[in-house]
Structure formats: structure tokens, C-alpha cells
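Heads up: the structure comes next, in C-alpha cells.
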Number of protein chains: 2
Amino acid sequence: MNDSRKYILKIAFQLFMQKSYKEVTLKEIVEKTKLSKGAFYHYFPSKEQLFMEVIDSYYYAYLNVDYLKFSQDNLKDFYNGILEQMQAEINKMSTEFQVDDKVVPMNYYLLIFDAINLLPGFRKRVIEISDREFEQWRKIVSTARAKGEISSPMTDELIAKTFIRINDGAGIYFILEGNVEKMNFEIKELWDAFYNHIKT
Amino acid sequence: MNDSRKYILKIAFQLFMQKSYKEVTLKEIVEKTKLSKGAFYHYFPSKEQLFMEVIDSYYYAYLNVDYLKFSQDNLKDFYNGILEQMQAEINKMSTEFQVDDKVVPMNYYLLIFDAINLLPGFRKRVIEISDREFEQWRKIVSTARAKGEISSPMTDELIAKTFIRINDGAGIYFILEGNVEKMNFEIKELWDAFYNHIKT
DNA sequence: TCCCATAAACCGAACGTTCGGTCTGTTATT
DNA sequence: AATAACAGACCGAACGTTCGGTTTATGGGA
């Protein structure tokens, strides 16, 4: 079946988050999947194609958040919704990506950097996703201000960016530290604190 | 002389910020430096040693900020000092690292990721540097509160972290976008805005 | 139930290429 | 003359990929 195919994708995803594209060898993929080179090339035409599919099935699937799922008229509910979803994804990955009691490093920036170098147009898509994220934040901030939930001399845009940059900043820090699980707790702390400053 | 040596280091630094360690080949280094393999191995015993020296002479030199240079009793002066230094470094790199009117990508996170994989103990040093950075922020925030410059329900620690995370978040965003030059402007905007909220 | 045809799943030796690194030789500098 | 600075032919290991072949699973005819 395509169990093997999916398994290759999963292992490859883990490896591409641990080391760069070039550092991940076919030998390693074959060993970790307990398959052979022949079996691998039965499912994928090339290592590069595998990488592209990893990006498609994992990066775009996990990080392409649908913001309409969250509250559209209350800022606090909105960001708590995001926090919940992030926590759910981290939990999912933590249980799924365990090898010998050790959670595999989840450095998705490594994945993104390689994708930018390998896939033409990828950077543009990342920027588009960021723009969409920003637009969603800006909208809910604007709504929250209109409804009297918040009041601040800051523009909507700056408030939105502050939330987003805190998120990304904590993200890259805990990736470097190697403790992605702690990430969400800090983001919540910082978001809550900032929210208290701008709430009416 | 060691002009060639320094030139190799410079070119290598640029390359290691553009692509991962494995993707940067000796062939490319030799071509870009207009030297030969013989010349390269006259100055460096190995590619790995070159990488280590790049880390030493660039990463530790540029990013290991001395916070005592900045104001120790006024928060706003403190962070404006940091902004000035960051701008100076960006300007320096922008003029120095130009090839055919194009500024070479300054993805220092790529450098850090490779260093973590290659150099044992590097992650710990990164964390130590982060901890020192945090401690400096915490101290100046504490002082600013004591002197009545700021007043906020937030703890010193959370205020310090907010400044830092905004910085890092903007950093990684503009690296992904490929516009490191715009970074500082946004950080200043966000820091100023946040500062206005906590200032007395 | 057994056999056989077909295809999917899988294997690993072998290939050409590229890698980091070595070695021998030449030129420039002091 | 001696040494530093460089050049480039050369090496073995490792890389991604190919390919001929084997095993396993499936289904229809007798």
C-alpha cells in the first residue's frame, strides 16, 4: 500500500527539521524507514521530489492556519483560540514524533530556509501567508477597538504586529533552546500582559 | 600576507549565510575567492575549521553585544543605544557585503543552526548569550521602574522579554522576507509604541 | 483447492559525479 | 637560498540515481 510512502514522508519530515537538506542522505532515510533504496525510488522519483512533498503535506498543512475558525469579534478569544490550536499541534507532534523517549527537534525554520533555496516562489508564498496572518490580526484588533474592548494610542497595525512578533520571537528562541514545548506558555504570558495594557 | 586568509573568511561568511554548511562547497569558495585548492589548504586545515573560524570572527564578534556601552539608568536611552548599534552593524555589512549592487542575504540563523549541529556546546553558548541579554534588559527595566520612568502591572521579566521577543520576531520575519534593512525601522516603531504604554 | 498470471513492493549491486582533502610542483617574496 | 603563496592534477569516499532481479499480494480459471 502507500503506508510505506506515508512513512517515508513522516521520517523525512523529521530529518529535514533536524538537519539541512544536503545533510539528510538517502542512506539515512533508507535506514530509518527500514526500507531499501529500490523501495524508496519506487515511491519517489528523487530526493528533491520527496522534499517538495514534505513541504506540501506538512508545512502547508500545519502552518497554513485558518483564522476564520477563531472569534471574529473579540480579540482575547481570538488569540486564545490561536493558542489552543498551537498547543494542539504541538501535542500532536510531540506524541507522533517520538523516538526512544526523545521528542525529535521541531526546527521548522530549517525546513523553510531549505525550501526557500530549493523551491522557486516559496519565499513569496511565505510572505503571502505572513501577510494574511497580519491582515487577520489587524481586522480583529480593529473590531476590538470599535467594540470598545481595547483602547490604545497605538495604531491597529502596530498592535497586530506586536502580537505577531512576540509569537515569532518566542518561536525562534525556543527552537534555538530546543524546548518547543515551553513556547506556548511564554507566548500566553506575554500576550496576556500586552493585552492588559491595551484593554479598556 | 594574511589578506587572502581574511578574504576567504569573509567570502565563507557570506556563503554560510546564504546556504547550509553542506551546500557550500570548497569549489565555490575557491572560485569566489579566485584562489586555488592549494591556496585554501595553505591557510585552513579543513572546511570545518574554516567554519569554526567564521563563527568565531563574525558571529561572536558581531552579535556578542556589550550592553554596558548603553545607558544603565534610562530604558529609552538603553534601547535607542541598541537600535543605533544594530543600525551601524547593518550599514557596515550592507556596504561590505555587496556583490553586483546586490546585498548578500544576511541569514545569520542559518549560521547558528549549522553551528549548533557542528560545534558541540554551541547551543549552550547561544543560550548563555540570550540569558545575558535578558539579564541586561531586566536590570534596566528594574532601574527604570525604580526611577519612575515606567510603571506597569507587568513584571520586570515580562517587560524585558517583550522587548526581546519583538526584536527577534522582527528579525526572523525580515530575514525570511529578505529585507534585513527594513528590520530596524519596525523594531523602533514597536519598541516606541510599547514603551509609551509602560512609561509613567 | 490449487495453479498461474499479473502487478505492486522491495532489494542491493553498480554507475557516474562530486565531495573534501592530498600532493607535487611552480612562482613570488624576502 | 629559503620559505611563503599559490596552482591544479589527483585520490578515495560518499553521494543520488539506475537497473535487473526477487519477493509478496491479489485475483481469476479450472
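Quick note: numbers below take in every heavy atom, side chains included, and nothing from hydrogens, waters or symmetry partners. Since we're looking at a predicted model, the values are computed, not measured. Sequence lines set the chain letters: A, B, ... in the order given, protein chains first and strands last, and positions in each chain run from 1.
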Next on the checklist: Taking the nucleotide of DNA chain D with the nearest heavy atom to each, does A/Gly38 or A/Lys27 sit closer to the 5' end?
Outcome noted: A/Lys27

Checklist entry - Rounded to the Å, how far apart are B/Gln49 CD and C/dG21 P? => result 11 Å

Item to check | Shortest side-chain distance from B/Ser36, nucleotide among C/dC11, D/dC6, C/dG20 | outcome: D/dC6

Checklist entry - Do you see a donor-acceptor pair shorter than 3.5 Å between the side chains of A/Asn80 and A/Glu84? => result no

Item to check | Distance in angstrom units between A/Leu50 CG and D/dG16 P, rounded | outcome: 11 Å

Checklist entry - Using 4.0 Å as the upper bound for N to carboxylate O, is an ion pair formed by A/Glu31 and A/Lys27? => result yes

Item to check | Whole-Å gap separating P (C/dT17) and CG (B/Leu26) | outcome: 21 Å

Next on the checklist: Side chains of A/Gln72 and A/Gln136, heavy atoms from C-beta outward: is any pair under 4.5 Å?
Outcome noted: yes

Item to check | Closest to side chain of A/Tyr43, choosing from C/dG20, C/dC10, D/dC6 | outcome: C/dC10

Next on the checklist: Salt bridge check, B/Lys32 against B/Glu28: does any charged N sit closer than 4.0 Å to a carboxylate O?
Outcome noted: yes

Checklist entry - Could you give the CD1-to-C1' distance, from A/Ile8 to C/dC10, as a whole number of Å? => result 11 Å

Item to check | Euclidean distance, atom CG of residue B/Asp3 to atom C1' of C/dT29 [Å, nearest integer] | outcome: 14 Å

Checklist outcome for this item: Whole-Å distance, B/Leu35 CG to C/dT26 P, equals 20 Å

Next on the checklist: Whole angstroms only, please: what is the CZ-C1' distance between B/Phe44 and C/dG20?
Outcome noted: 15 Å

Item to check | Under 4.0 angstrom between A/Ser46 side-chain N/O and D/dG16 OP1 or OP2 | outcome: no

Item to check | Nearest-nucleotide comparison on DNA chain C, the residue closer to the 5′ end among A/His42 and A/Lys37 | outcome: A/His42

Next on the checklist: Please tell me if B/Thr25 has a side-chain N or O lying less than 4.0 Å from either OP1 or OP2 of C/dT18.
Outcome noted: no

Next on the checklist: How many whole angstroms separate atom CD1 of B/Ile29 from atom P of D/dA7?
Outcome noted: 15 Å

Next on the checklist: Just to be sure I understand the rule, does A/Val24 reach a base, reach only the sugar-phosphate, or reach nothing, if contact means heavy atoms closer than 4.0 Å?
Outcome noted: sugar-phosphate

Checklist outcome for this item: Whichever of A/Tyr21 and B/Lys34 has the more 5' nearest nucleotide on DNA chain D, that residue is B/Lys34

Checklist entry - Looking only at heavy atoms, which two atoms of B/Glu96 and B/Lys10 are closest? And how far apart? => result O-NZ, 3.5 Å

Checklist entry - Between D/dT18 and A/Tyr41, is there an OP1 or OP2 to side-chain N/O distance shorter than 4.0 Å? => result no

